[in-house]
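Throughout, numbering of the chain's residues begins at 1 and tracks the sequence.
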Amino acid sequence: MPAKVYFLPAVFNSLNTSAKTIAFWRKISQERDRQSEIHLFLVFEGRNTHETYLLGQELWKIGSANITEAILNRQAFLNPEQICESIIKLFNDYFLSFRERSSLQNWNELHLVAGVATESALYFTRMGDARVLFSRHKNLFVADEDISSNRSPQFQPPLSEIAEGSLRSGDRILITTPALLQLFSLDDLATFINPQNFFGAFANIIKSIEISRNSLNLSFLWGEVSPADPQKEAAIQRAAGAKIKQSQIGGLDFWEFNLLGQAPQTKGKTRHSALLPWGRILQALSSLISRGIKNLGKIIYFPLRPIFTKINSLPPLRKTILLSCFLVFLAFLGYVSLSILNQPKPNVVTIDYQAAFSEAEKLRQEAQSALIYQDEEKARKNLTQAINLLDQATHSGEWGIKALKLKRGIEEELAGLEKIENISEATKIWSAPTDKGTFKKLAWVKSGSLHLISEKWFGDLKITDASVTPEDYQRDQFDLTDKNIWFIKALDRSLIILPQEKSMIVVNPNEKTISAKKPLGNEFKESFSAAGSFDNNVYFFDPGENEIKLFAYENDNLAFKRNWLKPESRDEFKNSPVLSLAIDGSIYSLTLNGQISRFSGGKKTNWKAEDLTAKIEGKGSVLLTNAALKNLYVLNPENKKIIAFEKETGKLKFQIQNNLLGQAVDFQIDEGKKEIYFIIPKALFKVNFN
């Protein structure tokens with residue numbers, strides 16, 4: 001009998017009180033194959049109620065929209081590990097943006113577990129003290145420390161690793177915020193979850209929490225891998241009541257437990273009731289408070305007895321004045337308390353998907369009217385707002401497909417405003433001969449002539465309208481297979497830098513020769529992440545120091561000169577390292593999270609690249625400019641684009657989009673002829689731009 005994963009969520013709080021934790025869970029299956037399922041889950045705790053609500057809502061929207069769109073686009077389940085990686089990438093971008101506008105000092109102030117699960121594997125990431133506990137054969141483990149192999153997709157903090165582990169029938173999973181682990185030791189929890197019955201183990205945890213009478217601000221997801229059982233599915237729905245919503249999107253069937261979006265409505269207001277019996281807890285608390293007040297009265301009375309005696313001996317008029325002052329003071333305290341209690345709290349609302357869809361259509365019409373009067377700024381703003389609304393509506397079973405179609409249409413209109421030219425065809429002008437390996441780097445010799453580096457070849461390509469003629473360079477041995485390289489120019493030489501080997505190869509274009517590998521000095525680090533050059537100066541980015549290191553090319557060697565950045569500019573790269581540098585006297589940098597900055601004299605300038613709807617990101621992105629080019633260009637394979645910004649103002653000039661750019665590894669621009677050359681691993685292509 002096939003196995004399935006079952007999750008039962010529990011939340012010990014109400015968002016309208018002092019809640020600090022929140023839990024989400026979503027199960028998606030295909031109608032034609034009900035045994036094929038994937039579960040998305042998120043458990044989160046912020047520093048306070050407001051932050052938990054806002055961050056929890058945004059993270060869930062990001063994660064669930066990502067998985068829904070991925071499945072709808074391909075009509076099949078993707079590799080869950082890849083889904084987890086894509087969600088981490090999106091979460092990282094959001095967290096970095098959040099940190100810039102908040103007072104967060106340490107990522108461990110936030111507690112999160114997020115990931116995906118199938119009946120055979122679990123993939124997740126976490127931060128802070130939130131944990132995934134894993135039980136097999138009655139033995140309890142902390143999943144990311146004991147049973148899983150951590151692998152890094154090389155994202156930056158806060159979420160830099162994925163923990164992964166295989167699942168078997170009978171395994172149990174407890175995904176929890178820190179509060180549960182503060183109440184009970186691992187030994188205690190191992191005892192609670194041992195009963196054979198899935199619901200019995202869940203009841204044990206609930207009962208133990210009630211008895212503890214400690215923090216009520218906790219959430220957890222309780223899961224089990226076991227044979228498919230329709231009765232168990234029905235029992236889970238009954239246990240969670242209206243909190244679990246069942247619906248469909250196209251050919252997909254899903255359950256969703258989402259406190260922020262699926263709560264029942266009462267007289268127009270959204271209400272969240274706990275899954276637990278609060279009566280006994282409140283009764284016990286009331287009794288405890290009553291006894292405490294009596295004891296406190298005794299404690300206060302005896303030390304203050306002389307004061308009460310003195311007040312009692314005062315004349316009636318003074319007693320009246322003193323009592324009036326005391327009552328005024330109490331009234332003032334009451335007013336202050338009432339003001340604090342009446343401070344606005346985050347309202348939990350159920351999203352009206354139909355209204356969101358209608359408003360998006362209205363915004364689209366207003367954008368089209370704005371274009372009649374050539375108000376592109378207003379049109380772009382309206383279309384962006386419409387896309388944000390439709391992001392929410394795609395979560396709906398009834399409106400999801402309609403919202404997705406409308407969103408894609410609006411994205412096409414926005415692409416037109418963002419000067420995106422979709423090129424249906426790029427011209428292949430040269431393919432890699434089998435003995436030359438795959439292409440790695442591309443650079444100009446002069447107009448009509450390109451340097452090309454492949455794994456086993458370096459040479460020039462003479463380009464005419466009719467043909468491409470390769471011209472080989474003399475060499476004894478040349479093999480760059482599986483090696484990371486940078487290719488930069490210094491004076492009349494071209495340098496092939498091999499960072500992992502701490503060496504370089506010097507190319508003499510005049511004599512058409514290639515030197516043997518030359519070792520670089522101790523100041524050169526393997527960890528350098530980007531390189532660029534101007535005249536005889538060569539610059540490297542050091543992610544360990546958040547610094548740009550300046551070397552000089554002298555006597556066929558690189559000599560370290562100094563740290564180039566001013567100390568106050570180093571914080572620019574604290575959360576995201578540099579992927580690419582482009583230099584024309586000023587230095588332009590592109591970071592992993594898509595931020596482009598301009599530096600002059602070691603200081604960051606006020607220059608800013610115009611914002612784009614599709615963010616520039618991904619490890620394969622490359623910056624390009626030099627003193628002869630008017631624009632700054634970005635190759636962005638993630639979005640299959642080449643983007644041009646005006647160098648002086650940062651204004652967007654144009655975007656070229658082509659599917660082949662998704663495979664591109666390097667490119668060059670001929671602004672005079674309006675031609676772009678780019679290489680994929682096995683071919684050289686050319687496109688023209690206007």
Side-chain angles (χ1 to χ4, degrees), residues 9 11-26 40-67 87-114 125-130 157-159 175-179 216-221 243 256-263 265 269-272 274 340-353 355-356 359 384-385 387-396 575 593 615:
V11 178
F12 283 68
N13 58 47
S14 165
L15 285 178
N16 295 323
T17 59
S18 59
K20 290 184 181 178
T21 65
I22 203 158
F24 305 86
W25 161 71
R26 191 174 188 179
L40 175 68
F41 55 83
L42 168 68
V43 175
F44 179 74
E45 176 178 332
R47 292 171 293 180
N48 52 58
T49 306
H50 183 72
E51 186 172 86
T52 299
Y53 169 78
L54 292 178
L55 280 178
Q57 181 187 53
E58 189 63 24
L59 292 171
W60 184 245
K61 183 177 77 172
I62 291 169
S64 60
N66 175 270
I67 190 173
I87 291 172
I88 289 178
K89 184 173 181 295
L90 294 169
F91 280 9
N92 265 348
D93 291 343
Y94 181 78
F95 276 129
L96 293 175
S97 172
F98 165 76
R99 190 174 190 174
E100 289 178 1
R101 61 180 187 271
S102 74
S103 59
L104 185 70
Q105 300 299 317
N106 189 327
W107 289 119
N108 287 330
E109 295 178 58
L110 305 177
H111 309 285
L112 170 143
V113 170
T125 186
R126 69 168 191 84
M127 67 188 207
D129 296 325
L159 305 172
I175 304 167
T176 178
T177 48
L216 301 177
N217 294 318
L218 61 88
S219 305
F220 65 87
L221 295 173
K243 289 181 177 291
E256 184 171 36
F257 174 82
N258 175 348
L259 280 177
L260 298 180
Q262 306 298 346
Q265 291 186 340
K269 296 182 179 180
T270 303
R271 177 180 57 84
H272 291 283
I340 294 172
L341 290 173
N342 286 335
Q343 287 291 321
K345 298 178 181 178
N347 295 320
V348 182
V349 297
T350 298
I351 299 170
D352 187 337
Y353 296 116
E359 182 64 20
T384 302
Q385 289 177 352
I387 289 173
N388 292 336
L389 284 170
L390 293 169
D391 278 340
Q392 299 175 355
T394 54
H395 297 179
S396 164
N575 296 321
N593 64 5
K615 192 172 182 181

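What you find for Phe24 and Gln57 is that their closest heavy atoms are CZ-N, 4.4 Å. Residues Pro158 and Met127 come closest through the heavy atom pair CB-SD, 3.6 Å. The two atoms that bring Ala130 and Pro178 nearest to each other are N-CG, 4.1 Å, heavy atoms only. Here the shortest heavy-atom pairing between Ala114 and Phe91 reads CB-CE2, 3.7 Å. Looking at every heavy atom in both residues, Leu110 comes nearest to Gly46 through CD2-CA, 4.0 Å. Contact detail for Leu104 and Glu109: the closest heavy-atom pair is CD1-CB, 3.7 Å.
Taking CH2 of Trp60 as the start and CD1 of Ile22 as the end, the distance is 11.0 Å to the nearest 0.5 Å. Interatomic distance, Ile175 CD1 to Arg126 CZ, rounded to the nearest 0.5 Å: 13.0 Å. Here Asn108 contributes atom CG and Asp129 contributes atom CG; the two are 6.5 Å apart, rounded to the nearest 0.5 Å. Here the CZ atom belonging to Phe44 is positioned 11.5 Å from the CD atom belonging to Glu58, to the nearest 0.5 angstrom.
With contacts defined as side-chain heavy-atom distances shorter than 4.5 Å, the pair Asn92/Asn593 does not qualify. For the pair Thr176 and Val43, the minimum side-chain heavy-atom distance is 4.5 Å or more. For the pair Leu112 and Leu159, the minimum side-chain heavy-atom distance is below 4.5 Å. Counting heavy atoms from C-beta outward, Ile62 and Asp93 have side chains that stay 4.5 Å or more apart. A heavy-atom distance below 4.5 Å is found between the side chains of Leu40 and Ile87.
Ring pair Trp107/Phe95 is perpendicular by interplanar angle, where above 60° counts as perpendicular and below 30° as parallel.
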